[in-house]
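Along the sequence shown, the residues carry numbers beginning at 1. Quantities reported herein were computed from a predicted structural model and do not represent experimental measurements.
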Amino acid sequence: MDTVTHHGRETAYRVSDRGAAGPTLLFVHGSGGTHAVWKSQFRLSDEFPVAVLDLSGHGESDDIDAEPGYETCSAYVDDVVAVAEEVDASVLIGNSLGGAVILTALLEREVDVDGLVLTGTGAKLAVLDDLLMWLSNDFPRAVSFLHGSDRLFHDPEHEYAMLSQEAMQDVGRAVTERDFRTCHEFDVRDELDAVDVPTLALVGEHDRLTPQSYHEYFCEEMPDCELGIVEDAAHLSMLEQPEAFNTAIQDFINRRLE
């Protein structure tokens, strides 16, 4: 992977550019994840340059010393801004925590992008008290809970479900808990009218972590937002139904941004 140095640390990222003329897409993963969650989105690089990154403390990126909540979110925004500038990204795509990060980047840093895709995320991301407790003192139970039916995956026996569990274990308890506690404090419901770029709110049909109503709220409150639904998928629809997920993004960009 390539790296960019900023704020005294290195953020790792990867680019797939097959000479496509479309806008550069930058994908941002969610809590306890890495860039690998977007493995199937590299297929889009036939039409658009695709970039993915590891947020600080995830995958191959340096960690940070930050309190959960706004401090951590701001550090993750720094990661995204640094990579976006490095690859000249014009469309930001964020899942879950990644959606919170790209919304914060747009609202607070005036990042110059042409569009957003908010997938499996929300304007407020409250986390169940039990899950926060398990993340603190029973990490295996937290990981198991998240990989139950209609949470991260509609089908908990999906071929990538075990790999997802292993990836979360690799990221580790401390960083994953920091991520979820950062989500728990995130709330930009009163600021969405300032997000004035074309936006696709894309949700897995069976997502119980960030349900369809969260994405409908985006479309009600944002000036230029449309809803997309990925059938037979839950929170990680990009892994569970990659063809449908990619088609939704491709169609949105071709209609609205080119």
Take a 6.0 Å sphere around [atom1] of [X] and say whether it holds more than 12 heavy atoms from other residues, nucleotides or ligands.
| X | atom1 | result |
| --- | --- | --- |
| D170 | CG | yes |
| M162 | CE | no |
| N137 | CG | yes |
| E216 | CD | yes |
| E243 | CD | no |

Report yes or no: does [X] contribute a side-chain atom to a donor-acceptor pair with the main-chain N or O of [Y] at less than 3.5 Å?
| X | Y | result |
| --- | --- | --- |
| T210 | G120 | yes |
| D54 | H35 | yes |
| N246 | L44 | no |
| D62 | E10 | yes |
| S45 | V50 | no |
| Q241 | D232 | yes |
| S61 | A12 | yes |

Indicate yes or no: at least one non-hydrogen side-chain atom of [X] is less than 4.5 angstrom from one of [Y].
| X | Y | value |
| --- | --- | --- |
| V81 | E85 | yes |
| F245 | T119 | yes |
| V91 | F48 | no |
| R181 | L132 | yes |
| S40 | M238 | no |
| S237 | D207 | no |
| E67 | E185 | no |
| M168 | L146 | yes |

F153: what forms a ring pair (Phe, Tyr, Trp, His ring centres under 6.0 Å) with it, not counting sequence neighbours?
H158

Between [X] and [Y], what is the shortest heavy-atom contact and its length?
| X | Y | result |
| --- | --- | --- |
| E177 | L135 | OE1-O, 3.8 Å |
| E240 | D155 | OE2-N, 2.9 Å |
| V230 | A244 | CG1-CB, 4.1 Å |
| Y13 | T3 | CE2-C, 3.7 Å |
| P156 | A161 | O-CB, 3.3 Å |
| D193 | D190 | OD1-O, 4.2 Å |

For H6, which residues count as a side-chain hydrogen bond (donor to acceptor under 3.5 Å, both in side chains) partner, sequence neighbours excluded?
T11, D79

Residues which pass side-chain hydrogen bond (donor to acceptor under 3.5 Å, both in side chains) with D63, listed by chain and number, not counting sequence neighbours:
R178

Could you name each residue pair satisfying ring-ring contact (aromatic ring centres under 6.0 Å, His included) that touches [range], not counting sequence neighbours?
| range | answer |
| --- | --- |
| residues 106-130 | none |
| residues 91-139 | W134-F145 |
| residues 174-225 | H154-H206 |
| residues 75-102 | H58-Y76 |

For the [atom1] atom of [X] and the [atom2] atom of [Y], what is their distance to the nearest 0.5 Å?
| X | Y | atom1 | atom2 | result |
| --- | --- | --- | --- | --- |
| T121 | L202 | OG1 | CG | 12.0 Å |
| R18 | D46 | CZ | CG | 4.5 Å |
| L200 | I253 | CG | CD1 | 9.0 Å |
| S16 | R43 | OG | CZ | 12.5 Å |
| D138 | M133 | CG | CE | 8.5 Å |

Output every pair passing side-chain hydrogen bond (donor to acceptor under 3.5 Å, both in side chains) with a member in residues 90-100, not counting sequence neighbours, ordered by first then second residue.
S96-H235

Test side chain to side chain contact (heavy atoms under 4.5 Å, CB included) on E60 and T34; report intermediate values, then the result.
CA-CA 9 Å; E60 298 183 28; T34 70; over 6 Å; no

Evaluate R256 against D224 for side chain to side chain contact (heavy atoms under 4.5 Å, CB included), listing each step before the verdict.
CA-CA 10 Å; R256 299 303 317 282; D224 189 358; 2.7 Å; yes

R14: which residues meet the salt bridge (Lys or Arg N to Asp or Glu O under 4.0 Å) condition with it, sequence neighbours left out?
none

All N/O donor-acceptor pairs, side-chain side in residues 97-109, below 3.5 Å, sequence neighbours left out:
unit_1 : atom_1 : unit_2 : atom_2 : d
T104   : OG1    : A100   : O      : 2.8
E108   : OE1    : Y70    : OH     : 2.6
E108   : OE2    : Y70    : OH     : 3.4
R109   : NH1    : D78    : OD1    : 2.8
R109   : NH2    : S74    : O      : 3.4
R109   : NH2    : D78    : OD1    : 3.1

Using distance only, find each side-chain donor-acceptor pair of residues 24-31 under 3.5 Å and give its atom names and separation, not counting sequence neighbours.
unit_1 : atom_1 : unit_2 : atom_2 : d
H29    : ND1    : G33    : O      : 3.4
H29    : NE2    : L55    : N      : 3.0

For I229, give me all partners under side chain to side chain contact (heavy atoms under 4.5 Å, CB included), at least two apart in sequence or on another chain.
V203, E205, Q212, L227

